[in-house]
Amino acid sequence: MSAALLAYPHLLSPFALAGRRLRNRVVHASMTTRLGANTRVTDRQIQYYANRARGGTALIVTEPLSMARHQEIPFKIRAWNDENCDDLRRWADAVESQDCRLLAQIQDPGRGRHTPGRLSDPIGASAQPDDLSWTVPRALDAGEIERMTAEFAQAAARVKRCGFSGVEISCGHGHLFHQFLSPWSNLRDDGYGGDLRGRTRFVAEIIDAVRAECGTDFIVGLKLPGDDGVAGSIDAEQAAAIACELARGRSVDYLCFAQGSHARSLEMHVPDGHAPRATYMPLLKTLRASLPAIPVIALGRITDPAEAEGILARGEAELIGLGRPLVTDPGWVNKAAADRAHDIRYCVSCNACWGLNVTGQPIACDNNPRVAAPDELDYRPKRASAQRRVTVVGAGVAGLEAAWIAAERGHRVTVFSRSGEVGGKVRLRASLPGGEALSSIYDYQHAAALRAGVRFEFGVDAGLADILDTRADAVILATGSTMIPPRWLPAEAHAEGWVCDVRAAMTALKPVREKQPGIAAIFDMDHTEGTYACAERLRELFDEAWIITPRHTIADETALVTRQGILRRLSRAGIRIACLSEPRWSERMESGALEIEHVYTGERSLLEPLSFLAYSTPRLSDQKLLGPLREAELEVHLVGDCLSARNIMAATAEGHSAGHAV
């Protein structure tokens, strides 16, 4: 017996749903890919799912399909008529041929919207505003509900004919079915409202209709709201009652529970690095005692095979749902089964994939530059036709990605690192609140680079002479960027180190453990998540912490679910925020007082006693080596912040491309 089977016997054991065999206990939870086009399946979309099936996943739940004729959304695959049947068959075959079951998700957003603006023709249980967008829907009448139910069932039968193994009815996240289940959003006085039986009737009729159309050998799963985080809506007690009511006398093959809603609690449905590991398990353990004897899928920031094995071994669930971890590494299961968990590219719970989704971009990942590529699974690059000497300047995530790819291709690679460690600025972020998981990005890259024979030169601020000494045929500059001092800061104050950028300041504060007196302030022209992690750490270290920004709010550059978490944590920590404001340098600084001026009215206020001030501002790319290298007629590639200051996803993607380009 292999070491992996000994380590993960429950995770790798087979299971069955509706008489259909699952080769192990891993389920790919539904993730919107936006890889469809004009309501049609695309080759890249099929490739994404096929990669995860080949990677060992036992069951995959698709992104929501258009299962009723009113759901005409370009990136959602049409399944309410026969136009797409050939492509649906190709999709099913690509997955099912790999001994992986494919389920289509039935879902409707109803009044829910998590992008700016209001819906043009929203529907809902009642004419009550969405808690997030304040969109007011039109309440569906009984006839519309009946027609929609019939369309869902007919579409389920259609995907069954095309080779799908089942459907999942998604009733969480504040979408339409959730809106019917919740006493907060369902204020109807007809047969689809009122008591528990009435509020669950719509979903119950969908289950019954699908079962009548598709038979008992077809998987019907239910994703339900657990704790939706909305007062007067669905808590654990309500969730258990809903599950029992829907399962009573019906053939439901599995249950899983989500959290959050289309409200200030939306962040709960994709727990990030600030949330505990296996975030939903305390709730699931509470629910479990009240649930009928139906298999349960555990999900919610489960990222490691050992975590999953523990949940199954303790009997807390029968199956493990992974969404973001399988975006990051489609071979997660195969690697666990081969005793190669150390080779997994781990999800860092950053929610960058979610942010792309809501802005209309195809799925991508900070830690997987090859999402949906034909060769994505356990990727190793092909050898180059000729060996070259490649020098990488910078050991952040962009430089490391470039280095290991180039070395795997057979090149002789040298990496210069100014510090004594790899990871660059991401290493600093990993040391701050909510950032611990980010270390897995550079840990994976570093291990891959060492395995491929990369030579590291640490503690070297490489100049032209150092690079020329390596006799490089190509140079990859991954030298990052520096924050630009704000205009209000006198040059002499900056030069003498009175005020520095927040990254340098946080590095200097690393050894500090005891509480410091006074106020710590950050001037924020960055509006990304790392700045607010710094503010949280400052609140731990100082009596008081402030964020000062010239914009009308904070966290503008973050996705909504990230921004919600930031606002929640800062509020609970008592961190003060001065919007539409900028510091003004004055003589009072010498006595520890900072003047803040309103950008429109000029009104000034005073922060004192001030003990710490740093700025977080737009970044200037460090390209000082570019000119000399070009004068030396060397081939040069710029990656990450050295090309243009952006995010981790851009850094890993550009490093990956550069490693192939040299």
Chemist: What I want to find out is whether Arg90 reaches Asp87 closely enough, with some N-O distance under 4.0 Å, to be called a salt bridge.
Modeler: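 Salt bridge present between Arg90 and Asp87.
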Chemist: Is the terminal nitrogen or CZ of Arg44 (NZ for Lys, CZ for Arg) located under 6.0 angstrom from the six-membered ring centre of Tyr48 and within 45° of that ring's axis?
Modeler: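 No, Arg44 does not sit over the ring of Tyr48.
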Chemist: Does any part of the side chain of Ile344, heavy atoms only, come nearer than 4.5 Å to the side chain of Pro305, both counted from C-beta?
Modeler: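 The answer is yes, as the side chains (C-beta and beyond) meet within the 4.5 Å cut-off.
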Chemist: Quick one: do Thr39 and Ile77 satisfy side-chain contact (heavy atoms from CB on, under 4.5 Å)? Show the steps, please.
Modeler: CA-CA 4 Å; Thr39 74; Ile77 307 308; over 6 Å; no
Chemist: With no hydrogens and no angle check, do the side chains of His70 and Asp108 hold a donor and an acceptor under 3.5 Å apart?
Modeler: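 Present: a donor and an acceptor within the cut-off.
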Chemist: Measuring from Leu102:CG to Arg52:CZ, what's the distance to the nearest 0.5 Å?
Modeler: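 So the gap between those two atoms works out to 13.5 Å.
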Chemist: I'd like to check Leu246 versus Leu222 (side-chain heavy atoms, cut-off strictly below 4.5 Å). Are they in contact?
Modeler: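 They are in side-chain contact.
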Chemist: Salt-bridge test for Glu96 and Arg101: reply yes if a basic N is under 4.0 Å from a carboxylate O, no otherwise.
Modeler: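 Arg101 and Glu96: salt-bridged.
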Chemist: My understanding is that only residues two or more places apart in sequence, or in another chain, count here; which of them pass salt bridge (Lys or Arg N to Asp or Glu O under 4.0 Å) with Arg147?
Modeler: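 For Arg147, no residue satisfies salt bridge (Lys or Arg N to Asp or Glu O under 4.0 Å) once neighbours in sequence are set aside.
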Chemist: Glu267: which residues meet the salt bridge (Lys or Arg N to Asp or Glu O under 4.0 Å) condition with it, sequence neighbours left out?
Modeler: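 For Glu267, the residues satisfying salt bridge (Lys or Arg N to Asp or Glu O under 4.0 Å) (neighbours in sequence not counted) are Arg568.
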Chemist: Roughly how far, to the nearest 0.5 Å, is CE of Met268 from CG of Leu283?
Modeler: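 If we round to the nearest 0.5 Å, Leu283:CG and Met268:CE are 8.0 Å apart.
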Chemist: For a quick check under 3.5 Å, do Glu309 and His10 share a side-chain donor-acceptor pair by atom type?
Modeler: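 Looking only at side-chain atoms, His10 and Glu309 do form a donor-acceptor pair, the distance falling under 3.5 Å.
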Chemist: Which pairs, with at least one residue in residues 346-359 and sequence neighbours excluded, count as a salt bridge (charged side-chain N to carboxylate O under 4.0 Å, His left out)?
Modeler: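 Sorted result for residues 346-359: empty, none.
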Chemist: In plain terms, say whether Arg138 and Glu144 are close enough for a salt bridge, that is, a side-chain N and a carboxylate O under 4.0 Å apart.
Modeler: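 Looking at Arg138 and Glu144, the cut-off is met.
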Chemist: Between Thr328 and Asn367, is any side-chain donor less than 3.5 angstrom from a side-chain acceptor?
Modeler: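 Side-chain D/A pair, Thr328 to Asn367: absent.
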Chemist: How would you list, by chain and number, every residue that makes a side chain to side chain contact (heavy atoms under 4.5 Å, CB included) with Pro292, sequence neighbours excluded?
Modeler: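 Per chain and number, Pro292 pairs via side chain to side chain contact (heavy atoms under 4.5 Å, CB included) with Cys244, Ala247, Ile294.
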Chemist: Hey, does Glu318 have a side-chain heavy atom less than 4.5 Å from the side chain of Phe15?
Modeler: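 SC-SC contact between Phe15 and Glu318 confirmed.
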Chemist: Is the shortest side-chain heavy-atom distance between Leu322 and Trp332 below 4.5 Å?
Modeler: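 With C-beta onward as the side chain, the pair touches.
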Chemist: Go through the side-chain N and O atoms of Glu63 and Gln107 and say whether any donor and acceptor fall under 3.5 Å apart.
Modeler: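 The criterion, which ignores hydrogens and geometry beyond distance, is not satisfied for Gln107 and Glu63.
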Chemist: Can you list the residues that meet the ring pair (Phe, Tyr, Trp, His ring centres under 6.0 Å) rule with Trp91, with sequence neighbours excluded?
Modeler: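 Result, ring pair (Phe, Tyr, Trp, His ring centres under 6.0 Å) vs Trp91: Tyr49, Phe164.
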Chemist: Decide yes or no on side-chain contact (heavy atoms from CB on, under 4.5 Å) for Thr33 and Asn357, but give the supporting numbers first.
Modeler: CA-CA 7 Å; Thr33 68; Asn357 171 27; over 6 Å; no
Chemist: Just to verify, what does Gln98 make a side-chain hydrogen bond (donor to acceptor under 3.5 Å, both in side chains) with, not counting sequence neighbours?
Modeler: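 Per chain and number, Gln98 pairs via side-chain hydrogen bond (donor to acceptor under 3.5 Å, both in side chains) with no residue.
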Chemist: Is there a side-chain contact between Val296 and Leu291, using heavy atoms and a 4.5 Å cut-off?
Modeler: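 In short, these two side chains touch, coming nearer than 4.5 Å.
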Chemist: Any heavy-atom pair between the side chains of Ile219 and Tyr254 that's under 4.5 Å?
Modeler: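 Yes, their side chains come closer than 4.5 Å.
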Chemist: Could you walk me through whether Ile106 and Ser170 pass side-chain contact (heavy atoms from CB on, under 4.5 Å), step by step?
Modeler: CA-CA 6 Å; Ile106 300 174; Ser170 179; over 6 Å; no
Chemist: Tell me the closest heavy-atom pair linking His178 and Ser233, and the distance in Å.
Modeler: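 Here His178 and Ser233 meet closest at NE2-OG, 4.4 Å.
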Chemist: Side chains of Thr303 and Arg277: is there a donor and an acceptor less than 3.5 Å apart?
Modeler: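 Judged by distance alone, the side chains do pair up.
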Chemist: With a 6.0 Å cut-off on ring centres, are His262 and His175 close enough?
Modeler: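 Here the rings of His175 and His262 have centres that are less than 6.0 Å from each other.
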Chemist: Give a yes or no on whether a salt bridge exists between Glu72 and Arg78, defined as a side-chain N under 4.0 angstrom from a carboxylate O.
Modeler: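 Yes, charged N to carboxylate O under 4.0 Å.
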Chemist: The criterion is salt bridge (Lys or Arg N to Asp or Glu O under 4.0 Å); which residues satisfy it with Asp343, sequence neighbours excluded?
Modeler: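 Applying salt bridge (Lys or Arg N to Asp or Glu O under 4.0 Å) to Asp343 gives Arg340, Arg451.
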Chemist: Identify whether the distance between the nearest side-chain nitrogen and carboxylate oxygen of Glu557 and Arg563 falls below 4.0 Å.
Modeler: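 No.
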Chemist: May I ask you to check whether Phe257 and Tyr280 place their ring centers less than 6.0 Å from one another?
Modeler: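 Ring centres of Tyr280 and Phe257 not closer than 6.0 Å.
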Chemist: Is the cationic atom of Arg34 (NZ for Lys, CZ for Arg) positioned less than 6.0 Å from the six-membered ring centroid of Phe75 and within 45 degrees of its normal?
Modeler: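 Ring-cation test returns yes.
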Chemist: Got Leu560 and Val358 here, is their nearest side-chain heavy-atom distance under 4.5 Å?
Modeler: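 No, side chains not in contact.
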Chemist: Test of understanding: with side chain to side chain contact (heavy atoms under 4.5 Å, CB included), list the residues that count as partners of Ala150, not counting sequence neighbours.
Modeler: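 Side chain to side chain contact (heavy atoms under 4.5 Å, CB included) list for Ala150, sorted by chain: Gln154.
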Chemist: Aromatic rings Phe177 and Phe152: how do their planes relate, parallel, tilted or perpendicular, breaks at 30° and 60°?
Modeler: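 Judged by the thresholds at 30° and 60°, the geometry between Phe177 and Phe152 is perpendicular.
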Chemist: Do Glu245 and Arg199 meet the salt-bridge criterion of a basic N to acidic O distance under 4.0 Å?
Modeler: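 A salt bridge is absent here (no side-chain N lies under 4.0 Å from a carboxylate O).
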Chemist: In chain order, what residues pass the side chain to side chain contact (heavy atoms under 4.5 Å, CB included) check against Ala156, with sequence neighbours excluded?
Modeler: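 Testing Ala156 for side chain to side chain contact (heavy atoms under 4.5 Å, CB included), a comparison that skips the adjacent residues, returns Val167, Val210, Cys214, Phe218.
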Chemist: Verify side-chain contact (heavy atoms from CB on, under 4.5 Å) between Gln179 and Asn186, making sure each step is shown before the conclusion.
Modeler: CA-CA 6 Å; Gln179 294 158 28; Asn186 185 344; over 6 Å; no
Chemist: Before we go on, tell me: are the rings of Trp354 and His114 under 6.0 Å apart, centre to centre?
Modeler: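 When the ring centroids of Trp354 and His114 are compared, they turn out to be within the sub-6.0 Å range.
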Chemist: Applying salt bridge (Lys or Arg N to Asp or Glu O under 4.0 Å), can you list everything that pairs with Arg54, at least two apart in sequence or on another chain?
Modeler: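 Applying salt bridge (Lys or Arg N to Asp or Glu O under 4.0 Å) to Arg54 gives none.
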Chemist: Kindly indicate whether the side chain of Val61, heavy atoms from C-beta on, has any atom under 4.5 Å from the side chain of Val27.
Modeler: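 Yes, close enough: below the 4.5 Å cut-off.
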Chemist: Indicate yes or no: does Asp86 engage Arg89 in a salt bridge with an N to O separation below 4.0 Å.
Modeler: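 Yes, this pair counts.
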Chemist: Test: side-chain hydrogen bond (donor to acceptor under 3.5 Å, both in side chains). Region: residues 12-22. Which pairs qualify, not counting sequence neighbours?
Modeler: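 Residue pairs passing side-chain hydrogen bond (donor to acceptor under 3.5 Å, both in side chains), neighbours aside: Ser13-Arg25, Arg20-Ser165, Arg21-Asp99.
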Chemist: Taking 4.0 angstrom as the limit, do Arg211 and Asp253 come out as a salt bridge?
Modeler: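 Counted as a salt bridge, because a side-chain N and a carboxylate O are separated by less than 4.0 Å.
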Chemist: Using a strict threshold of under 4.0 Å (side-chain N to carboxylate O), is an ion pair present between Asp329 and Lys335?
Modeler: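 Yes, Lys335 and Asp329 are salt-bridged.
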Chemist: Distance check, rounded to the nearest 0.5 Å: His637 atom NE2 versus His660 atom NE2?
Modeler: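 So the NE2 of His637 and the NE2 of His660 are separated by 13.0 Å.
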Chemist: Partners of Gln128 by side chain to side chain contact (heavy atoms under 4.5 Å, CB included), sequence neighbours excluded?
Modeler: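 For Gln128, the residues satisfying side chain to side chain contact (heavy atoms under 4.5 Å, CB included) (neighbours in sequence not counted) are Arg111, Ser126, Leu187.
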Chemist: Please report the interatomic distance CD1(Ile405) to CZ(Arg380), rounded to the nearest 0.5 Å.
Modeler: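 So the gap between those two atoms works out to 8.0 Å.
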Chemist: Can you tell me how far apart OG1 (Thr62) and CG (Leu88) are? Round to the nearest 0.5 Å.
Modeler: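 Nearest 0.5 Å value for the OG1-CG distance: 9.5 Å.
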Chemist: Roughly how far, to the nearest 0.5 Å, is the CG atom of Leu35 from the CG atom of Asp43?
Modeler: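 Nearest 0.5 Å value for the CG-CG distance: 11.0 Å.
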Chemist: Just by distance, no angles: are the side chains of Asn51 and Gln47 close enough, under 3.5 Å, to form a donor-acceptor pair?
Modeler: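 A donor-acceptor contact under 3.5 Å links the two side chains.
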Chemist: I'd like to know if the side chain of Glu151 and the backbone of Glu146 have a donor-acceptor N/O pair within less than 3.5 Å.
Modeler: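 The answer is no, because no donor-acceptor pair under 3.5 Å joins these two groups.
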Chemist: Restricting to non-hydrogen atoms, name the atom on Pro330 and the atom on Leu377 that form the minimum distance, rounded to 0.1 Å.
Modeler: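 In terms of heavy atoms, the two residues are closest at C-CD1, 3.7 Å.
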